[in-house]
Amino acid sequence: MVDNNKIKISNPDKLLWSELGITKVDYLKYLIYITPYIIKHAKDRFLTTIRYPDGYDKKFFYQKKVPSYAPEFVDSARWKDGSEYINLNKQATLVWLGNLASLEFHTTFNRIQKPFSPTNLVFDLDPSEGQVFEQVIEVALNVYDTLNKLNITSYVKTSGATGLQIYIPIGEKYDYNEARKISKFFAEYFANKYPELITIERLKEKRGKKLYFDYLQMWEGKSIITPYSPRATKYASVSMPVKWEEVEAGIKPQDFTIFNALDRIKKVGDIFEPLLDNKNVESFSSILQQIK
DNA sequence: GCCTCGA
DNA sequence: TCGAGGCAACGCCAC
DNA sequence: GTGGCG
C-alpha cells in the first residue's frame, strides 16, 4: 500500500543484483526511501525507464509509453505524437515501476509544461579505455573554474559507474536549436582551451587517448539519467549529485550505491537546484550574440 | 514483468 | 496453453 | 540513403 494505492509485488525475493544479493524487496525499500529526491527531479518531465526483469546484467528494454495495464494512479502527459508518456511524479508510480524491475529512470531536458525549452545543458565526462578517473576530475574542475569566471552556476553529479555529468541551468529560455548551439559553443571552447586534455570528436578513431567531452546532443524527447536514479551496474551505483568540493577532494562514482545513498542524502541534503533558475541567462545572451 | 498474438 | 515477440529512436557526420 | 555514435 502506497498513498492508499494497492500495488501487488510480484516475485518479491527475486534477485535484481545477484552478486550483491539485492532482492526486489530490498530495491523497493531503496526507492521508497529516496522518493522525494528523485521525484523532485523527475516530476513533470517525460520519463524513459529501462527495465531489467531478470536483473541488471540480463535482458533489458526501454519503456516510454504508459502500458495498457498501468494502474489508474499513474499520471501521464501527451507527447506531440499523440501518445501518453509516464510522469514519474509520485511514490506510487515509482514503486509500481520498481516492481516492474525498472532499474533506471531517465527524463527529458524539458518539462512537460514547456516541451520546447530545455531547463539545462549537460556535459558528459566519461573516461574510456586507458583513462583514470583523476583525468575526469581534472577536466571537470577546469570546466567549473571557467564557468565560475564567467559567472555561470553549474552543478555536478556522478553519471553511473564511471563518469561525471555537469549541469548548467538555462532557465527554460531557449529552444532546442539555441540550446544545442550554446552547448556546442562551450564544448568547442573547452576543447580549444585544453587541447591536450579533452576531445569532442564524435568518431572514436579520432579521439586518441584524450578524454571524450560529450556535449550530449539534445532534442525534444531525448532523455538522460535522472539525479538519484539507480543505474544497472554491478555496483548498484546511483547517479549522485555531489559538491564541487567533493570532486576536488577526489570521489569515485562507485562510492555511491543504493546501500549508502540514503545516509548520504540525509547528511548533505539535495544539493541540486531545481534547475529552473534564471541566474545564468544574462551570461548566455551575450554568448548567443557571439555565436551568430 | 506483463500483455497479446498465433500455432 | 504455451512460446515468441514487443516494450525507444534524434541529430550529426562520414561515407 | 545508410551506419556509427552518443
Side-chain angles (χ1 to χ4, degrees), chain A residues 7-16 23-25 27-28 31 45-71 74 76-77 79-86 88 93-110 115-116 118 121-129 136 159-166 174-185 187-188 191 198-208 210-226 231-232 239:
Chain A
I7 301 170
K8 194 163 284 171
I9 305 306
S10 48
N11 304 315
D13 298 324
K14 188 164 187 175
L15 287 166
L16 294 179
T23 66
K24 191 189 273 183
V25 165
Y27 180 56
L28 291 175
L31 292 182
R45 292 172 192 267
F46 297 96
L47 178 78
T48 298
T49 184
I50 312 181
R51 294 174 50 188
Y52 295 75
D54 300 315
Y56 80 95
D57 56 346
K58 303 294 196 306
K59 274 229 154 319
F60 68 89
F61 59 92
Y62 287 70
Q63 183 175 314
K64 283 181 181 247
K65 290 177 190 154
V66 184
S68 56
Y69 50 86
V74 174
S76 63
W79 182 245
K80 58 183 180 184
D81 65 4
S83 41
E84 291 289 331
Y85 289 78
I86 295 169
L88 176 50
T93 302
L94 184 61
V95 172
W96 170 64
L97 287 171
N99 177 56
L100 295 177
S102 287
L103 298 194
E104 295 201 6
F105 303 94
H106 299 217
T107 44
T108 50
F109 290 92
N110 58 279
F116 305 116
L121 312 177
V122 176
F123 300 128
D124 196 9
L125 277 50
D126 215 359
S128 38
E129 202 190 328
V136 178
S159 71
T162 54
L164 289 180
Q165 289 181 337
I166 299 172
Y174 306 102
D175 64 23
Y176 273 89
N177 262 324
E178 294 168 319
R180 269 197 298 269
K181 273 189 207 159
I182 299 172
S183 189
K184 188 176 181 201
F185 170 85
E188 283 168 352
I198 60 184
T199 173
I200 54 172
E201 280 295 342
R202 308 184 111 270
L203 216 57
K204 269 188 177 170
E205 246 176 54
K206 291 181 159 182
R207 288 183 201 159
K210 294 180 242 177
L211 181 71
Y212 181 46
F213 187 97
D214 187 1
Y215 52 103
L216 278 179
Q217 211 46 259
M218 42 201 323
W219 68 87
E220 309 150 39
K222 158 89 173 176
S223 59
I224 62 164
I225 192 74
T226 306
R231 310 278 335 235
S239 184

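Chain letters run A, B, ... following the sequence lines, proteins first, then strands; residues in each count from 1.
- Distance from the side chain of A:K64 is smallest for C:dA9 among the nucleotides B:dG1, D:dG6, C:dA9.
- For A:L125 and D:dG6, the CG to C1' distance is 14 Å, given to the nearest whole Å.
- For the OP1/OP2 pair of C:dC12 and a distance below 4.0 Å, the side-chain nitrogens and oxygens of A:R180 include at least one atom meeting the criterion.
- Atom CD in A:Q217 sits about 19 Å away from atom P in D:dG4, given to the nearest Å.
- Note that the NZ atom of A:K65 and the CH2 atom of A:W79 stand 12.5 Å from one another [nearest 0.5 Å].
- Of all nucleotides listed (B:dG1, C:dC13, D:dG6), D:dG6 comes nearest to the side chain of A:W219.
- Residue A:N99 has its side chain nearest to B:dG1 when only B:dG1, B:dC3, C:dG11 are considered.
- Distance A:K222 NZ to D:dC5 C1': 10 Å, rounded to the nearest Å.
- C:dA8 and D:dG6 have their C1' atoms separated by 14 Å, given to the nearest Å.
- Remark: A:K24 is in phosphate contact with B:dG1, judged by side-chain N or O atoms under 4.0 Å from OP1 or OP2.
- No contact: A:T48 has no heavy atom under 4.0 Å from any strand.
- A:S239 and A:S159 form no side-chain donor-acceptor contact under 3.5 Å, judged by distance and modelled atom types alone.
- Taking the six-membered ring wherever Trp is involved, the centroid distance between the rings of A:Y215 and A:F123 does not fall below 6.0 Å.
- There is a side-chain donor-acceptor pair under 3.5 Å between A:N110 and A:Y176.
- Nearest to the side chain of A:D124, among B:dG1, C:dC12, D:dG6, sits D:dG6.
- Regarding A:K65, its NZ atom lies at a distance of 18 Å from the C1' atom of B:dG1, rounded to whole Å.
- A:Y85 comes within 4.0 angstrom of sugar-phosphate atoms only, judged by non-hydrogen atoms across all strands, and of no base.
- Under the 4.5 Å side-chain criterion, counting only non-hydrogen atoms from C-beta, A:L16 is in contact with A:L103.
- C:dA8 atom C1' lies 12 Å from atom NE2 of A:H106, rounded to whole Å.
- Judged by ring centres under 5.5 Å apart and planes tilted less than 30 degrees, A:Y215 fails to stack against the six-membered base ring of D:dG6.
- Between the CD1 atom of A:I50 and the P atom of B:dG1 there is a distance of 16 Å, rounded to whole Å.
- Ionic pairing of A:E220 and A:K80 is present here: one or more N-O contacts between side-chain nitrogen and carboxylate oxygen are shorter than 4.0 angstrom.
- The side chain of A:S10 places an N or O atom within less than 4.0 Å of a non-bridging phosphate oxygen (OP1 or OP2) of B:dC2.
- The side chain of A:F61 lies closest to B:dG1 when the candidates are C:dC12, B:dC3, B:dG1.
- Look at CD on A:Q63: it is 12 Å from P on B:dC3, rounded to the nearest Å.
- Between A:L28 atom CG and B:dG1 atom P there is a gap of 11 Å when expressed in whole angstrom units.
- Here A:R51 lies in heavy-atom contact (under 4.0 Å) with a base.
- Only the C1' atoms considered, D:dT2 is 15 Å distant from C:dA9, to the nearest whole Å.
- Here A:K14 reaches the OP1 or OP2 of B:dG1: one of its side-chain N or O atoms lies under 4.0 Å away.
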